[in-house]
Asks: 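Attaching a single structure in structure tokens format; questions to follow.
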Protein chains: 2
Amino acid sequence: MTGRLLLDEFLPYRLVRASELVSRRFAARYRAAYGISRPEWRTFAILGQLGNTTATEIGRRSTMHKTKVSRAVAALEKRGWLSRATDVADRRAEQLELTEEGAKVYGELVALARSFQAELLRDLGFEAADRLDAGLAAVEKHFLREE
Amino acid sequence: MTGRLLLDEFLPYRLVRASELVSRRFAARYRAAYGISRPEWRTFAILGQLGNTTATEIGRRSTMHKTKVSRAVAALEKRGWLSRATDVADRRAEQLELTEEGAKVYGELVALARSFQAELLRDLGFEAADRLDAGLAAVEKHFLREE
DNA sequence: ACAAAACAGTTACACACGCAACTATCAACT
DNA sequence: AGTTGATAGTTGCGTGTGTAACTGTTTTGT
């Protein structure tokens, strides 16, 4: 029961490594195509999906720190891809949405993501991808409940 | 086929988020107990498992950048947990190993890791953990082959 | 045998990051 | 109504990180 730990049997280690391998490869593509960083892509993706949301909600869904979100939002705004408007019901919050130009870029990023996912499913094989899906769902179910 | 991307169906996103949720929680424990950073823990874990290795090998196995490894090794050495010796066969390389004190700390970290893993398996359920295992194995098989 | 390329590891620099502290607003409670 | 505590978001500051450039060593190719 003592002795060394075999990392290939340690789930957190394998999860982190797999995540880095996959996300680094995907990041290389959108960085090459549009020069956006990881926090920017994540912000883009959530905002694009929801259509209209706040920085706090982006942080909650992405597990990004609020300062990271704040800076990503500022960067996207600066590039003219995102606009802010103070929420009338709660003037602390800002409703964010993509500009017309931003929506166009978002559409292209979605296409990039879809082709990456298709490629990934092909590489992993259907059955393995399905198992990964189920395993991740269990992690999400347990860990996302607690905040 | 166009339109928005549902992130909950996008595997890279889910993989990253799950990885962050799990590894952040584990990192909080060893940070609280020993004040070590993530790169330091990873270095510790690989060195402890292999017994004797080089910085390059640590980088390869952990997917950490070589400068990250270099700094983690320096930090562990500074705390007296690791010692270096120039490789006699290849004098560019340094053979690393844990000191007696380092091995003691490593043993305690292993215990921490084991209890975290047990807890995780319990939380996820055996079947889900098994599927996660299989899914990650497929990712590793595909992505680790290519370097 | 020698020049050129490859590789192990470190460091300077610029940039990204998280923490803590801050402003502004809203909610709760007396 | 007014005080207290919570929340949305930003920013200063110290620290972490990757890129590129560097030293020293080994390998490759001629």
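Chain naming here is simple, since letters A, B, ... match the order of the sequence lines and numbering starts at 1 in each.
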Asks: Whether A:Lys104 and A:Glu100 form a salt bridge (side-chain N of Lys/Arg under 4.0 Å from carboxylate O of Asp/Glu) is what I want to check.
Replies: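 No, no charged N to carboxylate O under 4.0 Å.
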
Asks: Is the gap between the ring centers of A:Phe10 and B:Phe26 under 6.0 Å?
Replies: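 Ring centroids of A:Phe10 and B:Phe26 are less than 6.0 Å from each other.
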
Asks: Is B:Arg42 salt-bridged to A:Glu20, cutoff N-O under 4.0 Å?
Replies: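 Judged by the 4.0 Å cut-off on N to carboxylate O distance, B:Arg42 and A:Glu20 do form a salt bridge.
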
Asks: What I want to find out is whether B:Arg60 reaches B:Glu57 closely enough, with some N-O distance under 4.0 Å, to be called a salt bridge.
Replies: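 Salt bridge: yes.
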
Asks: Look at the side chain of B:Arg17 and the backbone N and O of A:Thr63, then say whether any donor-acceptor pair between them is shorter than 3.5 Å.
Replies: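 Checked: no pair found.
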
Asks: What are the two closest heavy atoms between A:Leu15 and B:Ala18, and how far apart are they?
Replies: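 In terms of heavy atoms, the two residues are closest at CD2-O, 4.0 Å.
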
Asks: Not counting sequence neighbours, which residues clear side-chain hydrogen bond (donor to acceptor under 3.5 Å, both in side chains) with B:Glu40? List them please.
Replies: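 So B:Glu40 forms a side-chain hydrogen bond (donor to acceptor under 3.5 Å, both in side chains) with B:Ser37.
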
Asks: Please give, in whole Å, the distance from C:dG18 C1' to B:Arg24 CZ?
Replies: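 Value for this atom pair: 11 Å.
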
Asks: What string of B, S and - do you get for nucleotides 8-17 of chain C, 5' to 3', when a contact is any protein heavy atom under 4.0 Å?
Replies: SBBBB----B

Asks: Less than 4.0 angstrom from a charged side-chain N to a carboxylate O is my criterion; do B:Arg29 and B:Glu119 meet it?
Replies: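 A salt bridge links B:Arg29 with B:Glu119.
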
Asks: Rounded off to whole Å, could you give me the CG-to-P distance for the A:Asp87 and C:dC26 pair?
Replies: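 Computing the A:Asp87:CG to C:dC26:P distance gives 9 Å.
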
Asks: Heavy-atom contacts under 4.0 Å between residues 26-35 of chain A and DNA chain D, which residues?
Replies: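 By residue number: none to list.
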
